[in-house]
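Everything below concerns the one structure shown next.
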Amino acid sequence: MSNGIYENKILILDFGSQYTQLIARRVREAQVYCEIHPFNLSIEKIKEFTPKGIIMSGGPADVFAKDAPLSDNRILGLGIPVLGICYGMQLMTQVLGGVVGRAETREYGNAMIKILDDSDLFHSFEKERDEKVWMSHGNRIDKVPEGFRAIASNPSSPVAAMADPRRRLFGVQFHPEVAHTPNGLKILNNFLFRICGCKPSWTMESFVKQTVKILQDKIGDERVVCGLSGGVDSTVTAVLLNRAIGDRLICIFVDNGLLRKNESSEVMDLFKDRYNMNINLVDAAELFLTRLKGVTDPEKKRKIIGHDFITIFEKKAKELGNIKFLAQGTLYPDVIESVSFKGPSATIKSHHNVGGLPEKMNMSLVEPLRELFKDEVRLLGRELGLPSELVLRQPFPGPGLAVRVLGEITKERLDILREADAIVIEEIRSAGLYEKVWQSFAVLLPVKTVGVMGDERTYENVIAVRVVDSLDAMTADWTRMPYDVLEKISNRIINSVRGVNRVVYDISSKPPSTIEWE
Ligand code: XMP
C-alpha cells in the first residue's frame, strides 16, 4: 500500500506491563500507527511487519529470573531504532553485554532525574535540569553496554536513561507513557519523529478514506449483514460500512425488551431517518421474556440471551437470502494476543456476543474497527458525523437490563428499572457528569424494604445507583458523587417511580466487585 496510513508503523513488544496499552495509545495519539505483539514475536514476523521503530515495554518479570521473557536478540541488530522501557531497557542491557544489578533502593512512584545529555531522545530538554518521572523498578543498570552512554541519572538509578546513537538504541528506566511523567510525551515524540523518522499520518480522516477503499475491494458486489445494538461500536461499524457499500449493508436490530427507556425508537430514528439505512427491526421482547421466566441465575440469564440472540439473528439473516459477509464491531483490545490485556472479568462472566455465528452461517467476517482503540472509535464516529450523544455513549452490557434486574425478570420489574435508570442518566447529564464518569446506571435489587409514605406503611423495592470511574473497565472505582446530585436522584426516583421506596449508592471498587451486579 503506498502512501497509506500504515506506512509509518511502530512495533510494540509486550513484556506484560500494565502500561503496554497506554504506550500504544500514546503512539497513536501522536498520529503514528502501531501494533502490540507478544515479546517473543519471531524475527521473520518482525521483518515482515516493517516497523520504523520498536518499543520494548516494561514488565513485571525480573531479568535474572530463569523464565524471564526474552525476545529474539537479533532485533537489536536490524538497524531499526529500538526504545526499551524499564524491563525492556534492562533486557537490552543484558543482551548487549552491560550489567544489570539490584537497585539499593527500589523506586516506585514519582522520582526526579537529571538530563545529562541532549541526545535525540531528550531533544529540546534543558541539560542539567531536573525532570519529574514515574519509576517502578527494583533493578537498575550498573554498567551500560559498549557503545552506550548514560543520558539521564539520579542517585538510585545512575543510568536512568541510556543511548547508543550510532545504532539508534535507547533505554529509559522510567515510564514516559504515563501521565505522571509530565514530559513523557515529548520523549516518545522524539523517538517517533526524530529517531524513527515517522510522519504523523494516522488520522481518522485518512483512516476513513483508506478503510472505505479496503472494504469496497474486499466486499465487491456482495452484501453484508450487521447486528446493531445501539452501542458505539456497532453503530460506527454500520455507518462506516454504509459509507463504503450503501444499502448493500443490511442491519438487523433485535429489540430484546431489555433495552433502556426509548432506546429502541432512538436507534431506529437515527438509522432510518437520519442515515436512511437499510435496517430491519426484530421485535423479540415477548420471546425473551418468556424464555427468561423464572430464571434467576446470572450465568443462565446471559447464556439464554446470548443463545436466543444468535437464533433470532440467524433466522432473520437467512430470510435475507444468501449473504456472504457478517460485520462485527470488534476492537483492537479484543484481538491483542498478549495475556496482560485479559482482565479477570473477561473470563468470569460469559459475555454476550455473536461468536460462533460466522462459522455456523458460513459467513466471512468484516471487522473494520479491529485496529482501533475505543477512543479512536469515538473519534471515528465524529469523523463520520455521528451525534456526540451517541459517540460519547457509556458502555452498556450485551444482556442489557437483564443483568441489572437482579433475580427474576418480569415486564413490571423491567419497567421500574427503566424509569429509575432514565432518572439517573438525566440527573447525571444535567450535573455535567455523564461524559466524565465511565458508567452510571440503576440496578433493581431483589429485596423489599419498609418505608412510610404519607401515613401509610410501604413495603417496596430498592434501587441501587452505580456510578464508576474507569479507564478501561478492567479496574474501576466508585465515583465520589456530589451529595446534592445523589439527593436529587434519590428524591426523584422515590417520588416518581412507582414501586420503589429506597435508593442506595454502591461504594464498591473493582476488583473485588465488578461494575455490573450480575
Ligand atoms: P464487569 O461487570 O465485568 O463489566 O466489571 C466490565 C464492563 O463490561 C460491560 N459488560 C458487558 N459488555 N457484554 C458486553 O458487551 C456483556 O455481557 C457484558 N457484561 C458486562 C460492563 O457494562 C462494563 O463496562
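Indexing begins at 1, ligand by ligand and atom by atom, following the structure's order. Atom set for the values below is all heavy atoms of this structure, side chains included, hydrogens, waters and symmetry mates excluded.
Applying the side chain to side chain contact (heavy atoms under 4.5 Å, CB included) criterion to T203, with sequence neighbours excluded, gives Q31, E205, S206. For R370, the side chain to side chain contact (heavy atoms under 4.5 Å, CB included) partners two or more places apart in sequence, or in a different chain, are V335, E367.
By the 3.5 Å distance cut-off applied to N or O atoms, G398 is counted among the residues near ligand 1.
The pair K318-E314 meets the salt-bridge criterion, since a charged nitrogen lies less than 4.0 angstrom from a carboxylate oxygen. By the 4.0 Å N-to-carboxylate-O rule, E426 lies close enough to R492 to be salt-bridged with it. Taking the charged nitrogens against the carboxylate oxygens, R28 and E376 do have a contact shorter than 4.0 Å, which makes a salt bridge.
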Original post:
Given the rule in the ring-ring contact (aromatic ring centres under 6.0 Å, His included) test, do W202 and Y33 qualify, once you have shown the distances and angles that lead to the verdict?
Top reply: CA-CA 6 Å; W202 177 255; Y33 181 69; 4.8 Å; yes

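Shown in contact with Q439 at under 4.0 Å from a heavy atom are these atoms of ligand 1, numbered in order with element: 21 (C), 22 (O), 23 (C), 24 (O). Within ligand 1, counting atoms from 1 as listed, the ones closer than 4.0 Å to a heavy atom of K510 are 1 (P), 3 (O), 5 (O), 6 (C).
Judged by the shortest distance from any of its heavy atoms, W438 lies inside the 4.0 Å radius around the atoms of ligand 1. By the 4.0 Å heavy-atom criterion, R302 is counted among the residues contacting ligand 1.
For the residues S513, P399, P397, the heavy atom positioned nearest atom 11 (C) of ligand 1 is part of P397. Distances from atom 4 (O) of ligand 1 to the heavy atoms of V468, I515, V403 show the closest one on I515.
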